[in-house]
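Here is the structure we will look at, set down as structure tokens.
Ligands are counted one by one from 1 in listed order, and the atoms in each one are counted from 1 as well.
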Amino acid sequence: MNKNIKHISKLLSLILRHDPSVIGIQLDKNGWAEVSELVIGINKNGQNIDVDLLDEVVETNDKKRFAFNEDKSKIRANQGHSLSVDVELKEMVPPDVLYHGTVQRFLDVIRKEGLKKGGRQHVHLSHETDTAKNVGSRRGQPVILSVDTMRMHSEGFKFYKSENGVWLVDKVLPQFISF
Ligand code: HQG
């Protein structure tokens, strides 16, 4: 990926998931930023960007992290927020098993407490073991945990799927995890 595009993608993640105030803008309750305000804010912050480049960043993003509204006047992150916004996630029946990528040093705590959402709004799970492996690799040698989502679902836990295909849940108790 073009270096500039990657840089802008990272900046967008910061602004749209965690802290819009870094460029002096606000998100609405559904996590939307006004595209016009965003472009002005990013330019003021010293990064040259126009609507076409923003479009390219959204289109080429490897994980489809961002989405425009219909008339492209607004933009938001599909998931991954620490900010408490309602991105209108769809509740869905999960596949029988989902995976979580982590690293060895967290396993003792995870065995005791299960998976917790930490700084984000949800625990992130994936359908593919490869994705879980990549997620874990961000922190070191990846460890892939399997989650018995069929049982969780039958016991009433709610699952959501983001627009870009990430499975989200409030927490995963240890009894549902295979180590
Ligand atoms: C671990 C990226 C101690 C958990 C990725 C993880 C993903 C615990 C870390 C998305 C724990 C949290 C999310 C417990 C979980 N005690 N550690 N009880 N429960 N953990 O970044 O899932 O590129 O908030 O295993 O690709 O790593 O940003 O979550 O290691 O999709 O779009 O605590 O972020 O996507 O880390 O990653 P994170 P995650 P983007």
Less than 3.5 Å apart, which donor and acceptor atoms pair up between the side chains of residues 66-73 and the rest of the protein, not counting sequence neighbours?
unit_1	atom_1	unit_2	atom_2	d
Asn69	OD1	Lys72	N	3.0
Asn69	OD1	Ser73	N	2.9
Asn69	OD1	Lys74	N	3.0
Asn69	ND2	Asp71	OD1	3.2
Asn69	ND2	Ser73	OG	3.1
Asp71	OD1	Ser73	N	2.9
Asp71	OD1	Ser73	OG	2.6
Lys72	NZ	Asp55	OD1	2.8
Lys72	NZ	Asp55	OD2	3.4

message: Heavy-atom count check: over 12 atoms from other residues, nucleotides or ligands less than 6.0 Å from His18 NE2?
response: yes

Donor-acceptor pairs under 3.5 angstrom involving side-chain atoms of residues 170-179: please list them, not counting sequence neighbours.
unit_1	atom_1	unit_2	atom_2	d
Asp170	OD1	Lys117	NZ	2.8

- prompt: Counting only N and O atoms by type, is there a donor-acceptor contact under 3.5 Å from the side chain of Asn78 to the main-chain atoms of Lys64?
  reply: yes

- request: Check each protein residue for a heavy atom under 4.0 Å from ligand 1 and list those that pass, ordered by chain and number.
  value: Arg17, Lys63, Arg65, His100, Thr102, Phe106, Val109, Ile110, Glu113, Gly114, Leu115, Lys116, Arg120, His124, Val135, Arg138, Arg139

field: Separation of Leu12 CG from Gln47 CD (nearest 0.5 Å)
entry: 10.0 Å

Just distance, no hydrogens or angles: give the donor-acceptor pairs under 3.5 Å from side chains in residues 85-107, sequence neighbours left out.
unit_1	atom_1	unit_2	atom_2	d
Asp86	OD1	Glu88	N	2.8
Glu88	OE1	Arg76	NH1	2.7
Glu88	OE1	Arg76	NH2	3.2
Lys90	NZ	Glu163	OE2	2.6
His100	ND1	His124	O	3.0
Arg105	NH1	Arg139	O	3.2

